[in-house]
Amino acid sequence: VITPITTSSKTPPGLPEHPYHAFLSGAIGGYIVWGRYSSVNYQLILYLTSRILVACIKLAYEKGGNVIPNLLLPISVWKRRPRLTFDNTYPWAAAGIWGVVMMLFEEYPEVLHPSLRRSMDEIYRYVGF
């Protein structure tokens, strides 16, 4: 007798159960696929950075918070870490940016720029197969 596998989750198949699932998958994919520097990859990362910054501001406004992330570290921190170079930090930036994009797309798609959301829908929600 074969019994079907059932889960207690109410999440539809193919969708992440928790926001961090989307973040982790985006971060891993971003590191592997987009983590190697090229001018095209760099332009894409810059594009996504601007889009997620605007999306995070929209999300903070919608949630009623006055959240302004402090992304600037004191200069003394950078002086103590001379091993931090563009070459060894770029893959981690790509991973983080893609992780945030995927998490925002899965959890709060309405805050993403319409063109980014349409592209993501086309890639991840296409049902024409």
Side-chain angles (χ1 to χ4, degrees):
V1 173
I2 298 174
T3 59
I5 298 174
T6 59
T7 62
S8 61
S9 173
K10 293 179 179 32
T11 305
L15 295 177
E17 196 164 318
H18 300 288
Y20 65 87
H21 291 165
F23 177 83
L24 287 174
S25 64
I28 291 167
Y31 186 87
I32 292 170
V33 176
W34 303 101
R36 184 160 303 175
Y37 176 81
S38 75
S39 58
V40 173
N41 289 357
Y42 187 59
Q43 288 296 314
L44 183 65
I45 294 302
L46 291 175
Y47 166 80
L48 289 174
T49 301
S50 67
R51 296 301 190 216
I52 63 172
L53 181 61
V54 171
C56 288
I57 291 168
K58 281 184 178 179
L59 184 59
Y61 178 75
E62 287 178 5
K63 297 292 182 182
N66 294 322
V67 181
I68 299 175
N70 182 10
L71 300 175
L72 301 175
L73 295 174
I75 297 296
S76 60
V77 172
W78 294 104
K79 287 182 180 178
R80 285 182 286 176
R81 301 211 180 254
R83 293 175 288 162
L84 290 179
T85 64
F86 182 82
D87 290 339
N88 64 16
T89 57
Y90 178 81
W92 296 105
I97 288 167
W98 272 104
V100 171
V101 167
M102 291 303 294
M103 185 179 70
L104 286 173
F105 174 67
E106 293 295 346
E107 294 297 313
Y108 307 102
E110 69 280 356
V111 301
L112 292 174
H113 189 273
S115 66
L116 176 59
R117 186 174 52 238
R118 277 192 302 274
S119 297
M120 299 291 281
D121 279 335
E122 185 69 26
I123 294 168
Y124 295 103
R125 301 282 190 257
Y126 185 70
V127 293
F129 293 112

Listed pairs under 3.5 Å, donor-acceptor, residues 90-103 side chains, sequence neighbours left out:
{"unit_1": "Tyr90", "atom_1": "OH", "unit_2": "Asn41", "atom_2": "O", "d": "3.2"}
{"unit_1": "Tyr90", "atom_1": "OH", "unit_2": "Tyr42", "atom_2": "N", "d": "3.4"}

Gap between atom CG of Leu53 and atom CG of Leu48 - 0.5 Å precision =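 If we round to the nearest 0.5 Å, Leu48:CG and Leu53:CG are 12.5 Å apart.
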Rounded to the nearest 0.5 Å, how far does CZ of Arg125 lie from CZ of Arg117?
->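 Here the interatomic distance stands at 12.0 Å.
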Name of the residue among Val111, Asp121, Leu116, Ile52 meeting side chain to side chain contact (heavy atoms under 4.5 Å, CB included) with Phe105 =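 Among the candidates, only Asp121 passes.
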Is the side chain of Arg51 donor-acceptor paired with the backbone N or O of Leu112 at a distance under 3.5 Å, no angle test?
->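 Answer holds: no.
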Quick one: do Ile123 and Trp34 end up in the same hydrophobic cluster if we chain Ile, Leu, Val, Met, Phe, Trp and Tyr together by side-chain heavy atoms under 4.5 Å apart?
->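 Ile123 clusters together with Trp34.
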Return the minimal non-hydrogen interatomic distance between Pro109 and Glu107, and the atom names on each side.
->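 Closest approach of Pro109 to Glu107: CD-C, 3.5 Å.
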When you look at His21 and Phe23, which way does the side chain to side chain contact (heavy atoms under 4.5 Å, CB included) test go after all the steps?
-> CA-CA 5 Å; His21 291 165; Phe23 177 83; over 6 Å; no
